[in-house]
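Okay, structure first, notes after.
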Amino acid sequence: MVLGIKGVWLRRRWVVGLVAIAATAIAAVPVFSPPAARSVAGFLGKWAERLSPAHSDHDPHERLPQDPEEHGDAIELSDQALKNIAFEPYTVRLTEFVRRISIPGMIAERPGRSQLQVAAPITGIVTKINVMEGAAVEPGTPLFELRLMHEELVTVQADFVRAAETLEVVRSELRRLQSAEEGVIAGRRILEQQYEERKLEAELRAGRQALLLHGLSPSQIDEILTQGKLFQVQTVSAPAHEHNRGDCQADHLFHVQSLPVKIGQLVEVGQVLCVLADHCELFVEGRAFEDDLAALRRAEQNDWDVSATLTGGERGEAGIEGLKVLYLADRVDEPSRTFRFYLRLPNRIEQEWRTETGLRFIDWRYKPGQRLELNVPVERWENRIVLPAQAVVRDGAECYVYRQEGARFERVAVHVEYQDRHSAVIAADGALSPGEVVAAGGAFPIHLALKNRSGAAMDPHAGHNH
C-alpha cells in the first residue's frame, strides 16, 4: 500500500515537472504571440498547480471533480446572444398541475336572450327612422315613428273620445238635476242619468284597455282624453332590460343588428321593424366526442374552471379563464358523432364612440362566430415541477433543460412525466430543485449552440416542435 501511494506521488511529481517545463518553453518560443503564450502558459500553470503535492490532500484514488464545460455540458452566452434568441428565464417551483384535454369551440349567441325583435304595434307607414344598422341604443330610445293606417285603431280611438265627451255631458246634466230643489225634478230622471254615467264609465275602461292592446302607452291615452284628438303617430322605442333573468344585472347598450324596413314602407301589426342584439353575455359552444363525455361530467360536477384561447387572436394575447360548464346537450349529432356543451361567457365593451350626428357605436370584446380552443381539466397533480413546454429540448431519447448561472448555461438531463403543447411535468428526482432558474424561451437555440461547439452533427429541427 505504501509503495502504491509513493508511486502515485512520484508520477504526479513527474507530470508536474513536465507541465512546468512546457509552460516555460511556450512562453519563451517566439512563434506564439505574447497574449497567446501567456494564455497557454497560464492554462498549463493552473494544471500544474492542481497536480502539485500542495493541492493533493485528498485521497490519491479519489476522482477529481469534473467541470461540465470540459465535457460539453455547459456554455456561456453574451447579453447580445441572449437577446438574439429571445431568452426568457423561468424559476423552478413546486406547483399543482392540471392535465387538460383540448376541444374545439365557437362563440354563439344565447337562444332567446341575445336577440330582441322590435315589432310594429299597429298597422301604419314608417315616417321616421332614428337609428341605423350597427348603432348602439339605450333602453327606451325612440327608434321609429309610424303614421296610423289601422282602421280598427281609428275606430277604437273615435269611440273612446265619443264616450269621454258623452260622459262629460251626462255628468253636467246630473249635477244640474241634483242642484234643483227637491220635488221639482222627478227622482226617476236622476236615476236614469246615474245609470247612463256608470255605463259610459265602463265603456271608457274597455276603450282604454283596447288602446293599450293596440300598443298605445298610458300617457298617450291620457293625452287623447285631455285634448280630445285622435292619436295619429305612434312612436316605437327600444325595450327595457329584464334584470330577473340571472345574467347581466347592470344597464347596458343594445346595438341594432338588422334593420329591414325603410321610410315610407307600409308595415302590418307584428311585422319586424329591427332586431336588437344584447351581447353582454354569450355562450361558448363546444363540440366533443363521446369519449370526452366522462371528463366533461367530472369538470361539471367538481365545478372546475375551463380555459379557452381564441384561435384567431393576436400573438401573446391572454386566454379566457374561469369558464364554467353550464350544461351538456341531450343528444349526439349522428353524422359527426359529437355532442354539444355550453359555457357562459361574460362579455365587455372594448371601445365606444359617437359620430358628429350623435350616433353611438360600440365594439364588444367577444363576437359570435369566433373560434376557440377549450382546455377542459381532466385530473389534478399536486407538488410537481411544471415548466413551459419550450423549456424542454428533446434529443433522441434524452430530454434536457438548461439551468442558468449568470451568463453560463448548464445542460441538465431530466425525466419528463407528461408534456402537452403548453407545459411539461418534470420528475422530482433531484435533477432540478425549486428556486433554480432555467431557460424557458431560447432553450432550443442554446442547445444548438452547445452542439455546434462540440462539433456534433445535428438535425436543426430535432427536439423543436412548431
Side-chain angles (χ1 to χ4, degrees), residues 116-131 137-244 254 261-274 276:
L116 295 85
Q117 291 187 344
V118 178
I122 60 174
T123 298
I125 296 177
V126 180
T127 59
K128 191 175 182 180
I129 300 177
N130 298 323
V131 293
V137 295
E138 295 180 349
T141 302
L143 304 177
F144 305 93
E145 286 187 3
L146 305 178
R147 187 171 73 247
L148 273 62
M149 298 294 292
H150 197 287
E151 183 178 354
E152 181 182 354
L153 180 57
V154 174
T155 302
V156 172
Q157 287 190 86
D159 292 343
F160 186 73
V161 172
R162 188 181 300 110
E165 292 179 350
T166 303
L167 178 61
E168 185 63 29
V169 172
V170 170
R171 286 174 176 172
S172 298
E173 179 65 14
L174 187 59
R175 286 193 296 271
R176 186 187 69 80
L177 294 176
Q178 291 174 343
S179 64
E181 295 181 3
E182 186 177 354
V184 176
I185 304 298
R188 180 180 177 182
R189 181 75 182 275
I190 295 176
L191 288 176
E192 289 177 352
Q193 294 298 319
Q194 289 176 342
Y195 291 149
E196 185 68 18
E197 180 184 27
R198 287 196 291 270
K199 178 181 177 180
L200 292 173
E201 287 176 348
E203 290 183 6
L204 279 180
R205 288 193 295 270
R208 177 181 286 273
Q209 294 302 317
L211 292 175
L212 288 173
L213 291 176
H214 278 86
L216 271 67
S217 64
S219 60
Q220 292 172 334
I221 297 173
D222 294 337
E223 186 179 348
I224 293 174
L225 280 177
T226 56
Q227 296 184 1
K229 295 181 180 180
L230 301 185
F231 198 72
Q232 299 179 356
V233 177
Q234 169 74 312
T235 301
V236 182
S237 302
H241 287 299
E242 297 181 12
H243 294 301
N244 58 351
F254 301 117
V261 299
K262 49 186 176 291
I263 293 178
Q265 180 177 342
L266 176 65
V267 294
E268 300 292 336
V269 176
Q271 183 174 339
V272 176
L273 300 176
C274 71
L276 300 180

For residues [X] and [Y], determine if any side-chain heavy atom of one lies less than 4.5 Å from a side-chain heavy atom of the other.
{"X": "Leu143", "Y": "Val118", "answer": "yes"}
{"X": "Cys274", "Y": "Ile129", "answer": "no"}
{"X": "Leu146", "Y": "Val126", "answer": "yes"}
{"X": "Val269", "Y": "Pro121", "answer": "no"}
{"X": "Ser237", "Y": "Phe144", "answer": "no"}

What distance do [X] atom [atom1] and [Y] atom [atom2] have between them, rounded to the nearest 0.5 Å?
{"X": "Leu174", "Y": "Tyr195", "atom1": "CG", "atom2": "OH", "value": "12.5 Å"}
{"X": "Ile122", "Y": "Glu268", "atom1": "CD1", "atom2": "CD", "value": "11.0 Å"}
{"X": "Thr127", "Y": "Gln234", "atom1": "OG1", "atom2": "CD", "value": "10.5 Å"}
{"X": "Phe254", "Y": "His241", "atom1": "CZ", "atom2": "NE2", "value": "4.0 Å"}
{"X": "Thr166", "Y": "Glu197", "atom1": "OG1", "atom2": "CD", "value": "12.5 Å"}
{"X": "Gln220", "Y": "Leu212", "atom1": "CD", "atom2": "CG", "value": "10.0 Å"}

Look at Glu196 together with Arg171 and state whether they make a salt bridge at an N to O cut-off of under 4.0 Å.
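Salt bridge flag = no for Arg171 with Glu196.
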
salt_bridge(Arg176, Glu173) N-O dist < 4.0 Å
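Salt bridge: yes.
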
Looking only at heavy atoms, what is the nearest atom pair of [X] and [Y], with distance?
{"X": "Gln265", "Y": "Val261", "result": "OE1-CA, 3.3 Å"}
{"X": "Leu204", "Y": "Ala164", "result": "CD2-N, 3.6 Å"}
{"X": "Ala158", "Y": "Leu230", "result": "N-CD2, 3.6 Å"}
{"X": "Gly228", "Y": "Val161", "result": "O-CG1, 3.9 Å"}
{"X": "Gly207", "Y": "Val156", "result": "O-CG1, 4.2 Å"}
{"X": "Val267", "Y": "Ala120", "result": "CG2-CB, 4.0 Å"}

Phe160 and Arg208: CA distance, side-chain angles, deciding distance, side-chain contact (heavy atoms from CB on, under 4.5 Å) verdict
CA-CA 7 Å; Phe160 186 73; Arg208 177 181 286 273; 4.1 Å; yes

Let me know which of Leu148, Ile263, Leu266 forms a side-chain contact (heavy atoms from CB on, under 4.5 Å) with Ile125.
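Only one option passes, and that is Leu266.
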
For the side chain of [X] and the backbone of [Y], is there at least one donor-acceptor N/O pair under 3.5 Å apart?
{"X": "Thr141", "Y": "Val137", "result": "no"}
{"X": "Gln157", "Y": "Val154", "result": "no"}
{"X": "Gln227", "Y": "Ile224", "result": "no"}
{"X": "Thr235", "Y": "Glu145", "result": "no"}

Glu152 vs Thr155, test: side-chain contact (heavy atoms from CB on, under 4.5 Å). Steps then yes/no.
CA-CA 5 Å; Glu152 181 182 354; Thr155 302; 5.6 Å; no

Looking at Gln194, I'd like to know if its CD atom is crowded, meaning that more than 12 non-hydrogen atoms belonging to other residues, nucleotides or ligands lie closer than 6.0 Å.
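Yes - once you tally the heavy atoms of other residues, nucleotides and ligands closer than 6.0 Å, there are more than 12.
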
Run the side-chain contact (heavy atoms from CB on, under 4.5 Å) check on Glu201 and Leu167 step by step: do they pass?
CA-CA 7 Å; Glu201 287 176 348; Leu167 178 61; 3.9 Å; yes

Glu223 and Ser219: CA distance, side-chain angles, deciding distance, side-chain contact (heavy atoms from CB on, under 4.5 Å) verdict
CA-CA 6 Å; Glu223 186 179 348; Ser219 60; over 6 Å; no

